[in-house]
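See below for the structure under consideration.
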Amino acid sequence: MSSRLNHREIESKWQAAWDEAGCFRASEEPGRPKYYVLEMFPYPSGRIHMGHVRNYTIGDVIARYKRAKGFSVLHPMGWDAFGLPAENAAMERGVHPAEWTYANIETMRGQLQTMGLSIDWSREIATCSPDYYRHQQAMFLDFLEAGLVYRKNSWVNWDPVDHTVLANEQVIDGCGWRSGAPVERRQLAQWFFKITDYSEELLTALDDLPRWPEKVRLMQQNWIGQSRGAHLSFPLKGRNDAIKVFTTRPDTLDGASFLAVSPHHPLAAELAETDDKLAAFIAECDRLGTSEEAIETAEKRGYDTGLKGAHPLDPAWELPVYVANFVLMDYGTGAIFGVPSGDQRDLDFARKYDLPVIETYRPIGARDATEDEAREHAAAFAENPVQKIGDDTVFRITETAFVDKSDQQPVNYTNARFLDDAVLAPVEAIERTIDYLEAREVGEGLVQYRLRDWGLSRQRYWGAPIPIIHCPTCGPVPVPSADLPVTLPEDVDFSQPGNPLPRHPTWKHVSCPKCGGPAERDCDTMDTFVDSSWYFARFCAPQAETPTLRSAVDYWLPVDQYIGGIEHAILHLLYARFFTRAMRVCGHVGIDEPFAGLFTQGMICHETYRSADGRWLSPQEVTREADGSLSFEGQPVTLGRVEKMSKSKRNTVDPEEIIATYGADTARWFMLSDSPPDREMEWTDAGIEGAWRFTQRLWRQLNEAIGDLPPAAAPLPAELDAAAQGLRQSVHKCIAGVSKDIEAFHFNKAVARLYQLSNEIAAFEASSLGGAWALREAWESMTRLVSPMMPHLAEEMWHRLGHQGLLSDAAWPEADGALLTEVSVVIAVQVNGKLRATFEAPKDSEKASLEEMALSQAAVQKALQGGQPRKVIVVPNRVVNVVA
RNA sequence: GCGGGUGUGGCGGAAUUGGUAGACGCGAUGGAUUCAAAAUCCAUUGACCGCAAGGUCGUGGGGGUUCAAGUCCCUCCACCCGCACCA
C-alpha cells in the first residue's frame, strides 16, 4: 500500500460509502435523545465561498460528534433561493431567474458534497419551489386570520427612472444604485406583520436564551429598544385639540421651552395646506438625505407655526409650536417638548431661535457662578457647565446642556414644582412625576418600544406571491386555500426594469373569490426574510402536506445548535423568533423560541494586493519572488491590509480549487486550526500547507506503525511498563480534552491537543507487548478523535486499523477516569513570587512535606542566603511561595 | 452620542478562571538525508546581559490590591464592531 495519501480517491470513496449506507438519514427515534444541528442555509449565488466552508465545517464537526455520542441527529441543507440577484441576472443576461437559481443550486450542491458533510440530503428544500412557498402562503393567510397581518400605507424609496421600489441599501447618496436618479419618497399600500405585538415578549425571552452569544442578545435588546416614559398632552390655544408628546424625562417638564412636531406629523400636514412657507420647509426636510452623514451634519432647524401649546400643569404657560427636522414621525408620537437645559440638541435649537433655557436640576451642592467666574472660565464652561472653583462646585448652563451620564446618581431638583427641591435620582424622580401627572389626569406612564412592524411587501418578481386578491367591491380577499399555491408566471418580460408581474398580460386578472366580479391579484411578493423565518421547521418534515407536521416538529424542534454569521444577529434571528410565536398561535408548532443554541462564526480574511497602477489583484495573479517580494507581470505589487475576503478587493480564494488540490479534510482541518471559530481567521498558503502536511504525516505514521500493532480486539495485557502507562494517560487526557473542547466550540484547542498526541505517538517506541497494545489504543483513539474534523481520512485509517464497519457509525471514545488522575505533579517553587525551581512530588502531598521539599531546593537556599523565610505559602499540587 | 469587543513572541493563538506566561501550529535559523530539489528527520527559536553557571526584563501605557496579577480594581491609549436626530 502506498504511504502517500490519495485524497481524491479516498474522499469520493467514503462519500459514496456513507451515501450507500444512508448514515446521515435522520430518523425520529422516541427513545433516543435528539440533536438538531443547523447552519444558516446559503443563498445560491453561484459558487460556494470560504465563509460557507467555515460555516459548514463547524456544523459538521458538531453533527458528527453528536452522532457519535449517540444522539439522533438532524443535519439538513437547503437553499434561500428567492432574491434580487436572480432578477438582475435575468435583466443582464436574459436568463430566467428560475433557470439561473436552479443552475446555481446544482453547482453549489456539488461543491458542498465534496466537503464530505454529514447532511441528510433527502430533506433538501429550496424556498423558490412552489412546494415550499405554498405553505408559506397558507401560513400568511393563517396569520391574517389571527390578526397578525394587516395592510397600511407606507413610505418607500421610489426610483423614478427604473419605476421600481428600492431597498434602503440600494439608495446611495440619495440616488438609485442602478439608475443614478434622485430617489423619491412614495406612499404605497403594503402588508405588515404585527411583530410589535411581541415587543415585550421578544425582549424578555432573550433572558431565557443562555446559549446565545451575549453580543447578539444585546443587539436585539437595543433593536427592540424599550424605554419607560410618559404621554403628555399640550392643549393648543385657539383650537380644541392638543399635541400629544412622548417623553422619557417627564421630571424635566418645568424646563420645557418649546414644542416640536415631525414634518410628517398630521398637524404639520394640516397647517401646510394653508401655509406655503411651511409646505416648502417640509419639502426641504424630505429632500435631505437619510444617510448617517447627512443626519450627522444636518443643522437642527425648525419652522415656527405660530401656534401655542399650554403647559399641562399651568394653562397660562404657553409654549411655541415648531415643525422641526430632527423629530421622527415613527418614534413615540412624532412630537416632543424641548428642554434646552437637559438636552444638547434642544439647547442648540433654543439658541438658534432665541428660546429660554430653564434649569430643572443641577449637581448636588452646586452654586451659581458669579458674573466674574463665568467670564473668567468661559472657555471651560463651554466644555462643561459644572466646574470646580476653589472648594465649590459651580453650576452654570452655557453652551452645553447639563446631561447627567447616569440616571441612578441623585441630583438636586431646583425647579420642578412637583418635586419640591428634592435630591433624587432621576429614575425615581421620573416615577414620582408620573404619579403626580396621573393623579391630575394630565399624563400617563407607559413603556415605549423602538421596534416597528415588519413590512413584508416587495415590488419584485422573484419571491413568494402574496395570496391576496383585490376586489373593487370586496376589498382585499384571501385566496381560498384550495387555490394555493399562487405560483409565479414563467413567461415574464425582463426587458424593462421593475416588477414584471403587474405588466403580465393575464396573471393578475382573476375573479373575486367572494363576489365573482373582476378583480386583481396582489402583484407584490414577500420579503425573502419570510422564507428564512420558518425553513428550520419545514426541514423536520419537508414533504408534509401541511406547512409543518406536528409530530415531526414536536420531536425535532427547537434547533439545538444554530450556526451562522453575525450579520444576521438582528433581522433574520428576530424575524424567526417572531414567526415561531405566530406559528404557535396558529398551531403549526408548539414552541416559542426556534434556536436554543446559537453560534456566530467569524469572517475569513486574506491579504490584499494592489498593482503598480492601483488595481486590486487576486492572490493567483501575484507571484512571490525569490527575495520574498511580490510582483505582477514584472511590476512590483503593494501588499495591503489583511481584510475580509470580498469580490471587490479580489482577495478571495476559491474553495473548489483548494479542495481539488489539498482535499476536503485538509481544508476542514485548517479551518478549525489556530483561530477560535468566533473570531476572524486569516487564510494563508502556509496555513493550508501546514494542515496538508499533517494529514500526510498522520497517514504515514499509521502505516509505519501498523505492522507492529496487536489485533484490534486484543485484551489489555496484565502488565504495562511505565512508558505504555504514560501513553495511555496521554490518550485518555486527549479524549477528555477534545470532547470538552468540541462541546465548547474550542476547535482550535482540540486541534492543538491532537497535534500534541500525534507528537507523543511519534516519539513512542513500543518495546513490549503492553507498549504495542497502548500504541494500538492510541491510534484507535486518534482516529476517532479526528473523525469529526477529517472524516474521510479517519474512515481510511479506521479501515487500515482492521475495522470492517464505517467509523461514521462507531461510538465516540470514552475517557477512563482512572487514567485522568495524575500520580505525581510538578511543584513550582517561588521566592518572593519569582520562580526559582521546580520539583516533582506525589499528587496530594501534605503541605508540610511540600514546604520542606521546597526549602531544601538549592536555588531556594541560595536565594535565602542563610536567612529564615518570613512566611511560606503552599498551594497543594501547584506552587510553594517562600517570602524572604 | 449610546452599546459591545479586542490588545500576549516575527505571525495565528494557549494559559485548569489569582498560582511555573508563551501549549499547539506557522514562520525563521542550523544540521542530517539527497547528485539536486521536494518531502522527511534532529536541534534551536520572547528580549537583553553573560564563555558559562546564571541573571534581569517581559502580556497596549501608568497606578493599585495581593505572598503571588495576562487574569481583580482605578486610569489613560489604540484599534475593531453594532446602533444612532429614539425625545
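By convention in this document, chain letters (A, B, ...) are assigned in the order of the sequence lines, proteins followed by strands, and residues within each chain are numbered from 1.
- In this view, A/E743 and A/Y65 satisfy the side-chain hydrogen bond (donor to acceptor under 3.5 Å, both in side chains) rule, not counting sequence neighbours.
- For the pair A/L218 CG and B/rG3 P, the computed distance is 11 Å after rounding to whole Å.
- Taking 4.0 Å as the cut-off between side-chain N and carboxylate O, A/E822 and A/K843 do not count as a salt-bridged pair.
- In this structure, the CD atom of A/Q344 is 15 Å from the C1' atom of B/rC2, given to the nearest Å.
- Comparing A/H746 and A/L328 by the nucleotide of RNA chain B that holds the closest heavy atom to each, the one mapping nearer the 5' end is A/H746.
- For B/rG13, the base adopts the anti conformation, since its glycosidic angle falls more than 90 degrees from zero.
- In A/K244, the NZ atom is not crowded: 12 or fewer heavy atoms of neighbouring residues, nucleotides or ligands sit closer than 6.0 Å.
- Along RNA chain B, the nucleotide nearest A/N222 and the nucleotide nearest A/F246 are compared for position; the residue whose nucleotide lies closer to the 5' end is A/N222.
- The nearest whole Å value for the distance from the CZ atom in A/R450 to the C1' atom in B/rG82 is 11 Å.
- Scored by the salt bridge (Lys or Arg N to Asp or Glu O under 4.0 Å) test, A/R753 finds A/D741 as partners (sequence neighbours excluded).
- Checked against B/rA14, B/rC80, B/rA87, the side chain of A/T247 finds its nearest nucleotide in B/rA87.
- By the side-chain hydrogen bond (donor to acceptor under 3.5 Å, both in side chains) test, A/Y353 pairs with no residue at all, sequence neighbours left out.
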Mind listing the N/O atom pairs, protein and nucleotides 51-57 of chain B, below 3.5 Å?
from, atom 1, to, atom 2, distance (Å)
B/rG55, OP1, A/R836, NH1, 3.3
B/rC57, OP2, A/K834, NZ, 3.2

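- The distance between atom CD of A/E607 and atom C1' of B/rG27, rounded to the nearest whole Å, is 13 Å.
- Counting to the nearest Å, the P atom of B/rC80 and the CE atom of A/M603 are 15 Å from each other.
- For the C1' atoms, the distance linking B/rU20 with B/rU59 amounts to 15 Å, nearest Å.
- With P as the reference atom, B/rA32 and B/rG22 are 31 Å apart, rounded to whole Å.
- Taking atom NE2 of A/H265 as the reference point, atom C1' of B/rA87 lies 13 Å away to the nearest angstrom.
- With the 3.5 Å cutoff on both pairing distances, Watson-Crick and G-U pairs in RNA chain B assemble into runs of at least 3 at B:1-7 with B:77-83, B:10-12 with B:24-26, B:27-32 with B:40-45, B:46-49 with B:54-57, B:60-64 with B:72-76.
- As rounded to the nearest Å, B/rG10 and B/rU45 have P atoms that lie 15 Å from one another.
- A search for side-chain hydrogen bond (donor to acceptor under 3.5 Å, both in side chains) contacts involving A/E689 returns A/Y662, not counting sequence neighbours.
- Nucleotides B/rU71 and B/rG63 have their P atoms positioned 14 Å apart, rounded to a whole Å.
- One interatomic measurement links the two molecules: CD of A/E567 to C1' of B/rC83, which rounds to 17 Å at whole-angstrom precision.
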Inset, instruction - Do nucleotides 18-26 of chain B as a string where each nucleotide becomes B, S or -: B if the base has a protein heavy atom under 4.0 Å, S if just the sugar-phosphate does, - if no protein is that close. - result: -BB--BSSS
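- Going from the P atom of B/rA14 to that of B/rG30 covers 31 Å, rounded to whole Å.
- Phosphate proximity of B/rG5 to A/R679: absent, as no side-chain N or O sits under 4.0 Å from OP1 or OP2.
- Rounding to whole angstrom units, CH2 of residue A/W692 and P of B/rA38 are separated by 14 Å.
- The salt bridge (Lys or Arg N to Asp or Glu O under 4.0 Å) test applied to A/E765 returns no partner, not counting sequence neighbours.
- Residues that satisfy the salt bridge (Lys or Arg N to Asp or Glu O under 4.0 Å) test with A/K740, not counting sequence neighbours, are absent from this structure.
- Comparing atom distances between the A/I336 side chain and each of B/rA87, B/rG13, B/rC85 picks out B/rA87 as nearest.
- For A/E359, the side-chain hydrogen bond (donor to acceptor under 3.5 Å, both in side chains) test picks out A/R362, A/T414, with sequence neighbours left out.
- Counting only residues at least two apart or in different chains, salt bridge (charged side-chain N to carboxylate O under 4.0 Å, His left out) contacts with residues 875-884 of chain A are absent.
- Between the P atoms of B/rC24 and B/rC41, the separation comes to 15 Å (whole Å).
- Comparing the same atom, C1', in B/rA47 and in B/rA38 gives a spacing of 35 Å after rounding to whole Å.
- Contacts of A/V829 with the nucleic acid, taken as non-hydrogen atoms under 4.0 Å apart, are absent.
- Annotation: the span from A/L5 atom CG to A/D665 atom CG amounts to 8.0 Å, rounded to 0.5 Å.
- Using P as the reference atom, B/rG1 and B/rC49 are 46 Å apart when rounded to the nearest Å.
- Residues satisfying the side chain to side chain contact (heavy atoms under 4.5 Å, CB included) criterion with A/A752, sequence neighbours excluded, are absent altogether.
- Taking the charged nitrogens against the carboxylate oxygens, A/R301 and A/E284 do have a contact shorter than 4.0 Å, which makes a salt bridge.
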